[in-house]
Amino acid sequence: MEFNEYQKLANRTLLGNEQVLTNCALGLASESGEVIDLIKQYTFHGEELNQEELVKEMGDVLWYLSQIAQWADIPFEDIAKDNITKLNDRYKKD
C-alpha cells in the first residue's frame, strides 16, 4: 500500500471538528505511550514481546500521524521521502 493511499483511506474514519488537530496530537502521544509501554514490559519486566499487540499500537501511531499530515495538507508520502533524504544525508556512506 502506498503512503498517500493509506492516508486517504484512514481519513475516512476521522471524526471531528475544529478540535481535530488537538485530538490527533493527544491520540499520537497516547498511542506512542502504548508502544513504549510494550517495549518497557519486554525490556525491564521480562515479558514476551507481544508482536501482535505491537503491530496494533504502531498502526494506531501511523493513523494519527497520517491524519495530522492530512489536516496540514501534507501528502504522507512526502513526509516519508523527506525523512529518507534527511537520513541519507546524515548517514552518508563513504
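Please read these numbers as outputs of a predicted model, since none were measured by experiment. Side-chain atoms are counted along with the backbone in the values below, which use heavy atoms only and exclude waters and symmetry mates.
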Exercise for the section: With rounding to the nearest 0.5 Å, note down the distance linking CD1 in Ile36 to CD in Glu31. Expected result: 11.5 Å
Identify all side-chain donor-acceptor contacts of residues 44-53 below 3.5 Å with residues at least two apart in sequence or on another chain.
unit_1	atom_1	unit_2	atom_2	d
Asn50	OD1	Glu52	N	3.2
Asn50	OD1	Glu53	N	2.9

Handout entry: Leu14 and Gln70, any side-chain heavy atoms less than 4.5 Å apart
Key = no
Practice task
Kindly indicate whether the side chain of Trp63, heavy atoms from C-beta on, has any atom under 4.5 Å from the side chain of Thr13.
Solution key: yes
Completion exercise
Taking every heavy atom of Gly59 against every heavy atom of Tyr6, the minimum-distance pair comes out as O-OH, 3.8 Å
Practice task
Calculate, to the nearest 0.5 Å, the distance between atoms CG and CZ belonging to Leu65 and Phe3 respectively.
Solution key: 10.0 Å
Please tabulate, one pair per line, all N/O donor-acceptor pairs under 3.5 Å involving side-chain atoms of residues 21-30, not counting sequence neighbours.
none

Practice task
Mind checking the CG-NZ spacing from Leu38 to Lys56? Nearest 0.5 Å is all I need.
Solution key: 11.0 Å
Exercise for the section: For the pair Leu9 and Met1, evaluate side chain to side chain contact (heavy atoms under 4.5 Å, CB included) and give the outcome as yes or no after the intermediate values. Expected result: CA-CA 11 Å; Leu9 292 172; Met1 174 178 289; 3.9 Å; yes
Exercise for the section: Please confirm whether the backbone N or O of Lys40 pairs with a side-chain atom of Thr43, one donor and one acceptor, at under 3.5 Å? Expected result: no
Please table the atom pairs, donor to acceptor, closer than 3.5 Å between any side-chain atom in residues 72-87 and protein atoms at least two apart or in another chain.
unit_1	atom_1	unit_2	atom_2	d
Glu77	OE2	Lys81	NZ	3.0
Thr85	OG1	Lys81	O	3.1

